[in-house]
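Everything numeric in this text was worked out from a predicted model, so none of it was measured. Proteins come first, then strands; the chains are lettered A, B, ... in the order of their sequence lines, and each starts at number 1.
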Amino acid sequence: MKNKSFYIPLFTGLLMTMSCDVIDKEPISALSQGTFFATRSDANSALMGAYDGMQQLVEDMLIYGELRSDNVKGTYGSRGQDIHLLYNQTITPENTWCRWGEFYTALNRINGVIRLVPPIMERDPEFTRAESNNTVGEALYLRALTYFYLARTWGDVPLVTEPSMSGTADFQLPQSAHQEVLDQIVADLKLVLDNDYLPVTYPGGVTHTKGRATRAAAQALLASVYLWSGNYQEAADYAQLVIGNTNYSLVPGTTWFSIFAGNQNSSESIFEFQFDLGRQETNRLYWLTNGLAGGAYLVSPSQETLELWVAEGDHVRGVGRSYRESFYPKIFKYEMMVPDDRSTYPTVDLVPLRPAQGNVSDGNFIVSRLPDVILMRAEALNRLGQRQAAITLLNQIRARVGLPGATVTGSNEVLTASATMEQVEDAILHERRLELAFEGHRWFDLMRIARHGRPEVLIGRVMASDLYEKEHGQFGAIDKNVPGVNVIQDPMSWYMPVHRLELQENRSLEQNPYYK
Amino acid sequence: MTTKFQNQSKFFLLFGLLWLIASHAGAQGEKKTITGTVADSSGILVGVSVILKNSNTGTITDHTGRYTVEAAPEDILVFTYIGYKGQEINVNKQSLIDVRLVSDFGNLDEVVVIGYGAQRRRDLTSSIVSVRMKDVEDVPLPSPDALIQGRAAGVRVTSQSGAPGAGFQVSVRGNTSITAGNEPLYVVDGIPMRSESFSDPLVQTNVGSNVLADINPDNIAAIEIMKDAAAAAIYGARAANGVVLITTKRGTKGQSKLSFTSYLGFQRAPGKIPLLSGPENKTLLVESNLNGNFGFHGGLLDAPGTPYYYSFDNDTDWQDLVLRTGAIQNYNVSLSGGEQRTRYFLSIGYFGQKGTVLSTDFNRLNAQVNVDYELSPRARIGNTITVSRSNSNRMDEGAGQFNILRAAYEKNSYHPVNARDADGNDLGYYGGFIWGYTQHPLVIAEQVRNNQVSNRVLGNVFLEYDILKNLTFRTSIGIDYTGQGESRFIPKFEANGIVRASEQRIQELSWVNENLLTYQYDWEGQHRLSAVAGYSQQESSVERLFGETHGHPSNTIPTLNAGPTLVSATSSVNEWGINSLFGRVSYIYDDKYSLSANVRRDGSSRFGENNKYAVFPAVSMFWRISSEPFMKNSNWIEDLKLRASYGKTGNQNIGNYASRALYVPGANYLGQPGYMPSNIGVPDLSWEVTDQVNLAFDMTVLNGRLTIIPEYYVKKTKGLLLQRNLPSISGFPGTLQNIGDTENRGVELALSGKVIQNRQVTWTADFNIARNKNKILRLPEGNDIFVAQRGFTGVGRKGEEIGTFYGWRALGVFPTDADAFLTSTGEVAYLNPGGPLSGDGGVLRRDSPTGLVFTGGDVIWEDLNKDGVINDADLQVLGRAQPKFYGGFNNTVSYKGLQLSVFFQYQYGNDVINETRRIGESMSGVGNYFRSTLNRWRKQGDITTMPKAVRGDAMGNTRPNSSRWVEDGSYMRLKTVSLSYNVPVPKSRAVKNLRLYVTGQNLITFTKYLGTDPEFTSNLSALLAGIDHSIYPQPRTVTIGLNAGF
């Protein structure tokens, strides 16, 4: 081996081929800030990411909208859990349900779309202004919806309208007043509606038209926001825009449950978060309300609710429909249902339902559907003094499921225009409870009425609920001291406290005075 | 791209210089070149010092055991190596001198491998421990990290679990980091290797697989552990937790040597947990049902006439059914030798282990090929290749859904093994799986499949060229490749269960290129100078593929293709790279004074735009006090050296793109792809930097019979890579930032001595002890940080150590309801006997002023703020996971051919959480419980420390965050005891040497710990180390072995 020096260039050559700069590493399975928001498809990906963020919130939407109400109760399994403390109104700033992080995670994605999508027009000529407006419009709708949940749950909340761009920012932001948050919601929705950002339907078929923000969805949400803030005329007007829209109609009573099962996305649906097991999208509510196949069964219908449908003789929406009757009653919505063996329910008129085979946990979460809008308009008109019109709308909902006209609560007296505002409102509230049970409305309904001059409605309902009495029947006396009754006298107690950790990390926040 | 150009131009410059020097080289001395290899009875010796007698010139054997020295015929070569008797050989006319050294003890002339070089122990300025392979050759252990347990002062090695193939946790001088890992860097034959198991394994366990088991201990020539910054800083940004250098064996010149080693053994679990018998289990459940308002039966104990009635009158010992006698076996054949220019070491080995719990095993097939070839007297090439394939079947541990041991503890003892129907017919045990909601341990053991197969190739090729007599250039390219496949199959065995199969394929390829210039200068022994300069780059890429399907129609096909529902199919690629320039200069004057300095500049892809490069310098010195005139008269001190060092090291062990603002796919909606922000950018993100000061004496006294090494160090780590919580309005849970400081201070003492040394008997003893005090000095915004796992909380708090348990303190159990009332001063009546009871009947409550009321039989929690409510305000520090001191103690006695070795390993003063006992004493569910629950509170007035049995446990008597489960984890263990015999063999026979031995491991453990095994750790988080969540205990093992040379 005379020419030993031959080996040095050999090695050198080998090294040169490998000597690329090893410390410049762009991520491969992710995108860095600079490379995203560049094309038309990025705009859509960011928007879908925002919807995905909202999908994670359906559990919150149900918990905040129902759990403190008379509709549901924490099961035995939820005892010792934060969900049980929430249900029995023993809420402290340590309760994990006082955390609002998931809402802001979704908001960060939404704000990213609103702020970073329009500049894509300059980078990708294929991306039109109309597409940009539509994308931003959907995000604005989602932002309004998110803040509406936040505002109704915590009262005053930090108002973030920009995406978070740097980890070194301090993110110390105080809460904005409740009204300021509502103003932002209204501004977002008005911007969308006045400029026609949103389409009436989407090309992707019914799952898109019901699963994405449409003009009607924005109108329905705006009606709801106006009703919350007591702008009854605007609420009635925006509700009417949806009611008058021929794209939406009530499904017949005989197929009422198809709203929740089978194909869903019914003709009366306005906006629902879509879940699809085939796409690995499961609805966490199944976990909450079901005990089988890994479900925790933490929330069940209250005994009082179950008796309500029975008392009404409501077979369309009652047993085997909205709930299953058993020692452990169970909410049926959010589970895929199929007709049951008729013989097990000999006494009911309609073929009851039972859960579909297997682990079907992809029921959609309905944010808005026509009966909600109709009853909102009824409520607004009633407050505006138009009792007959309100009663007509109310009875339209009852007639659909084969029930006679509404009566005055607690009597058999038929409800007429001569009834008082309170009597009509109570009947509407009652109907909302039957129709929209377990869809995340009840607590907000009670709060809305209570905020507008009738706190006794909320207090009375919570006191009358089977918070403890029914439990004692099942499990024996545990504690005679019923906290829930006392605490709800203070309107600030209707809102949740700010979690201790949120206060610790964001020192500009103020605790809800009730929990100080 | 400027950096790229700069690096390349540096490269050209380096090579240009090399060529220049090479072309002018060639001046030869008058002396001739002597080469040879040095070996002992079992193989080559690395770093043996070879010196010309009466001069100070010489060299050391390289990692192939080979040396080259210039000597005249009249010279005498002196060979010295620690633990071996020196040898002197006249050169005469020989040019090839192979030497066999005979072992001795306590020689400072031993040479140790250091980062990018080797040094005589006598010349060390830094803190490096060598583990003598001789001490561990009769110990059947699967991996190198296990070998160093208890053998090196200041190095704490804890097994994560006793499961076959489970990993170890190694920490050198305490924990520096909270989130960025505390494992040392492992460098095998110059290749920095991946030493941590891949995250997110399919098996549900908190126990990593043993990645280091890919290195067969039989092939290891030396293990050195760099403890202080001066030793480790040459590895820069990865060295903050120390560096472990592993050198594999190489061939030696001479006759081919075939050797065969093997051991076979049996293993048993250390013991069973005492559980309730069938009738006792039933009694407890009835009591618990009644106390929890579930009624007498509570849906569990069906009345006569129901289908399962016959199933409730048994007394089954489930532990007996899932435990078995394990087996361990190892075979290794190696062939080594060499001729004029070629030397080789070839080895092939098999290690197999059948675990002490059903269905668990581990086996490894391993091959090693190390070859050296001399191109010319000046140029050498060679390679190292380790190939291994391991296959393990594991079980869920910890939080896993199907932990066989936990199932055996929890399964009702009144259940039969096989279910019977109403007529008493045998249904097999599948039929009974769901009774009482507890899982059937045998079904899990037989059906749940957790298989992991890993293929590893670790190797390099190198070229060495002597540019000048004392200037050598070395370049090498190494790779570390892993191909790992995991599969998990959950069969159908529940009425509503779903069959689930998942598979994961991970492939990592890392390559490293290193280029070194080494210079040695020796001026008549007065001035000795050595210098190293190098450039290195390493790049790694990990690819992952994961798939999961559900709904297999039966349990017959466990692979993905049989499941009709595709739940997940995803893949990802992840890369990192590091490039480095480094150098070291060390100077020794007259063997008395030495100064050494080294520096490394690392650039890493992992860090923020603004912090790509960092520099890690270190300086160190020694002063040989015993050579000073004033010490000359001391006749009992043979050698006394003071060492001191200071340096910086770094820790870059975080996610590959942690500094970037990232958007990731997967946030899909309506079947359309959706992206979401996953990480908020931190352009300033940088290394954790550890400053370390080390002060030590190396002392040899009593004619070399006793070596004493006391060391003292202070490590301060700044800029911790901490996940800082962001206000949730940011939309991110938090972000990594460099905030927070920690400190480790410690002392170490290593003693080794020859207690008896005469012709017949030798007795050597080694003892080491280390004390490390860890402290968190600073945290973001001064706040505590918490880590929670399975209800347990670890707190990171200023002034506390990393690994502090947090929760409520239990003071006992209320004997009666009235004992839980509050006095008018807010005291709990029981704790303030005779105190005035409050007028309004104040009571102690749970969680809130309106919460549930504590009564007799409930645990008394300390109400720190005396507000009558047990809530978060009453949380306190309950224990500390790091030991106060730890170490090992080894004694070896030889008599003729017999040798007895007894090795103890210990740690003292650490707390552990016994989660197994929490489940076993909870009495709140529907399973079986520990025998200790027989002592439970049953009626008003009972005085005991075991609360009442209440199904549902509404009062949280069995809450995880509680002092009830914190125990003293101190132990001293007879880790190994072995007896070996060197069978005398006549010289003429084919067998050259033959040794037989019998070894016992983990035979005796002294501990107060109530669980099955006090030696465990958990790699959940540094803040929450030491939770025994039904770990797989270390088995007791007895093996017999033989080593034969041909």
Side-chain angles (χ1 to χ4, degrees), chain A residues 1 4 7 11-12 15 18-19 21-25 27-33 36 44-46 48-49 51-53 55 79-80 90 92 94 99-101 104-105 107-109 112 158 160 164 166-168 171 173 207-208 211 274 279-280 292-293 359 475-476 479 481 483 502 504-506, chain B residues 3-4 7-8 11 15 293 375-376 379 463 475 496 498 513 537 539 567-568 572-573 575-579 603-605 612 657 660-664 667-678 680-682 725-732 735 783 848 850-853 872 952 954 956:
Chain A
M1 200 62 62
K4 74 235 171 188
Y7 288 90
F11 264 86
T12 315
L15 296 183
M18 300 172 86
S19 176
D21 204 327
V22 300
I23 69 166
D24 274 347
K25 290 272 175 274
I28 293 168
S29 299
L31 289 175
S32 58
Q33 186 107 51
F36 196 50
N44 195 56
S45 298
M48 291 304 136
Y51 276 107
D52 175 82
Q55 270 182 310
R79 177 158 305 153
T90 313
T92 61
E94 274 77 39
R99 299 216 71 166
W100 55 35
Y104 285 96
T105 302
L107 276 168
N108 185 44
R109 299 188 199 177
V160 183
S164 305
S166 166
T168 40
F171 300 107
L173 189 70
T207 54
H208 283 250
Q274 308 282 317
R279 294 173 176 145
Q280 288 93 51
L292 289 176
N359 194 10
F475 300 111
D479 186 2
N481 186 313
E502 305 282 356
Q504 196 174 306
E505 282 150 13
N506 178 357
Chain B
T3 46
K4 181 171 181 172
N7 285 332
Q8 280 189 350
F11 215 74
F15 271 87
N293 300 307
L375 292 170
S376 77
L463 166 82
T475 178
N496 293 289
I498 305 162
N513 161 236
Q537 49 184 344
E539 189 174 32
V567 175
S568 176
S572 65
V573 183
E575 297 180 323
W576 61 266
I578 187 166
N579 65 23
S604 168
S605 68
K612 280 282 181 208
Y657 310 107
R660 306 288 198 103
L662 292 179
Y663 290 83
V664 295
N668 306 335
Y669 184 65
L670 287 169
Q672 296 195 39
Y675 282 33
M676 61 184 164
S678 69
I680 193 164
V682 190
N725 287 342
L726 288 177
S728 63
I729 56 163
S730 66
F732 294 93
T735 178
N783 291 334
S848 72
T850 52
L852 300 175
V853 175
D872 283 4

From [X] atom [atom1] to [Y] atom [atom2], the distance as rounded to the nearest 0.5 Å:
X      : Y      : atom1 : atom2 : value
B:Q672 : A:H208 : CD    : NE2   : 4.5 Å
B:M676 : A:N108 : CE    : CG    : 12.0 Å
A:Q55  : B:L670 : CD    : CG    : 8.0 Å
A:N506 : B:N725 : CG    : CG    : 12.5 Å

In terms of heavy-atom pairs under 4.5 Å, which option from [options] contacts chain B the most?
options                      : answer
A:G101, A:P27, A:S32         : A:P27
A:D52, A:T105, A:T168        : A:D52
A:N44, A:T207, A:L107, A:L31 : A:L31

Shortest non-hydrogen contact between [X] and [Y], atoms and distance:
X      : Y      : result
A:R109 : B:P677 : CG-CD, 3.7 Å
A:I28  : B:Y657 : N-OH, 4.2 Å
B:S605 : A:V22  : CB-O, 4.2 Å

Pick one of side chain, backbone, both or neither for B:L726, based on which atoms fall under 4.5 Å of a heavy atom in chain A.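 Both backbone and side chain of B:L726 come within 4.5 Å of chain A.
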
So what's closer than 4.5 Å to chain A heavy atoms on B:S572: side chain, backbone, both or neither?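 Both the backbone and the side chain of B:S572 come within 4.5 Å of chain A.
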
Could you tell me which portion of A:F36 (side chain, backbone, both or neither) has an atom closer than 4.5 angstrom to a non-hydrogen atom of chain B?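 Contact with chain B is through the side chain of A:F36 alone.
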
Go through the atoms of A:T92 and report whether side chain, backbone, both or neither lie under 4.5 Å from a heavy atom of chain B.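 Just its side chain gets close to chain B.
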
Test item: side-chain donor near acceptor, B:S728 and A:E505, under 3.5 Å: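 No pair is found: no donor N or O on one side chain lies under 3.5 Å from an acceptor on the other.
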
Looking at [options], which one has more heavy-atom pairs under 4.5 Å with chain A than the rest?
options                        : result
B:G671, B:P673, B:G681, B:S730 : B:S730
B:Y663, B:W576, B:F732         : B:Y663
B:V682, B:N668, B:V664, B:T735 : B:N668
B:G674, B:A667, B:G956         : B:A667

For the backbone of A:Q274 and the side chain of B:Y669, can you confirm whether one donor and one acceptor N or O come within less than 3.5 Å of each other?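 Such a contact is found between B:Y669 side chain and A:Q274 backbone.
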
